Amino acid sequence: MEITKLSKRNHYEEIAEQIKRLIVDGKLKVGDKLPSTKEMSEQFGVGRSTMREALSALKAMGYIEIRQGGGCTVINSAPVEVELPELVSLRMNRETLLELLEARQSLEVSNASIAAAKASDTDIAALRTIVSEMETSIGDDAEGERTDLLFHKTLAEATHNSIMLRLFESIIGQLELAIREIRRVEIYANRSVAERLYREHLAIFEAIESRDAALAGERMKAHLEHVVSNLLKVLQK
């Protein structure tokens, strides 16, 4: 697979863009299998968590299929239409955004509670690592976004409920498309806000690690209310 190894600290979207270009240009065709996550992480010179995020992004865009234990397969060579085109003009569609945020909050409060009851030791270890990465990335907007999304996705996986995970991926994909630039410029680049987000994720993790389902749900609810409050302040400017 022809790739350009990145010489500086990089992020999953750069890797996803390279692989997407190989697919769109026909160098990777429908039906082709991608190398293993281990092989690709070595080729790009990144950690496996970053590589997995790139593959998840390609899956969300509709280019590849990820099978449990079966690797990744190219399933589409053309860009997939966004399901909610009205989100392109975000500031004119506050109602749609608010509905997405409301749906996310309802789902993720449940995810946190379920994960507190069902998370495996492996899930707990993965969440602990992500929270640690969050702390070290405070002030780095792109890395802050990556670890934030990875935390919530890993938490959804920790429910061990495939329906909950699919619902999360559906909602978060549309939501992140709509608010990505706002998140980067107005949230993660603001050190005080980034520090507070880290503390909130740490609190959620500690509740899950303690197997306290009610507390995990409460802390997730408080965290997402804070996120919504920040977003609404930006949209009102």
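Just so it is clear, the model here is predicted, and its values are computed rather than measured. In this chain, numbering begins with 1 at the start of the sequence shown.
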[X] (side chain) donor-acceptor with [Y] (main chain) under 3.5 angstrom:
{"X": "Asp123", "Y": "Ser120", "result": "yes"}
{"X": "Ser106", "Y": "Ala103", "result": "no"}
{"X": "Arg52", "Y": "Gly47", "result": "no"}
{"X": "Ser210", "Y": "Ala207", "result": "no"}
{"X": "Thr159", "Y": "Asn161", "result": "yes"}

Cluster overlap Met220 with Leu165, hydrophobic side-chain contacts below 4.5 Å:
no
For [X], does the [atom1] atom have more than 12 heavy-atom neighbours from other residues, nucleotides or ligands under 6.0 Å away?
{"X": "Glu102", "atom1": "CD", "result": "no"}
{"X": "Asp121", "atom1": "CG", "result": "no"}
{"X": "Lys118", "atom1": "NZ", "result": "yes"}

Got a salt bridge between Glu218 and Lys221, using NZ or NE/NH1/NH2 to carboxylate O under 4.0 Å?
no
Which pair of non-hydrogen atoms, one from [X] and one from [Y], has the smallest distance, and what is that distance?
{"X": "Ile124", "Y": "Glu209", "result": "CD1-CA, 4.0 Å"}
{"X": "Glu195", "Y": "Ile138", "result": "CG-CG2, 3.6 Å"}
{"X": "Met164", "Y": "Ser110", "result": "CE-CB, 3.9 Å"}
{"X": "Ser49", "Y": "Glu133", "result": "OG-OE2, 4.3 Å"}
{"X": "Ala16", "Y": "Ala54", "result": "CB-O, 3.8 Å"}

Hey, can you tell me if His223 and His152 have their rings parallel, tilted or perpendicular (30° and 60° cut-offs)?
parallel
Is any side-chain heavy atom of Ile64 closer than 4.5 Å to a side-chain heavy atom of Ile19?
no
Which salt bridge (charged side-chain N to carboxylate O under 4.0 Å, His left out) pairs, counting each pair once, include a residue from residues 156-166, with sequence neighbours left out?
Lys153-Glu157
side-chain contact (heavy atoms from CB on, under 4.5 Å) for Ile66 and Leu58? Distances and angles first, verdict last.
CA-CA 10 Å; Ile66 302 176; Leu58 289 165; over 6 Å; no
Distance in Å, Leu127 CG paired with Leu202 CG, rounded so as to fall on 0.5 Å steps:
11.5 Å
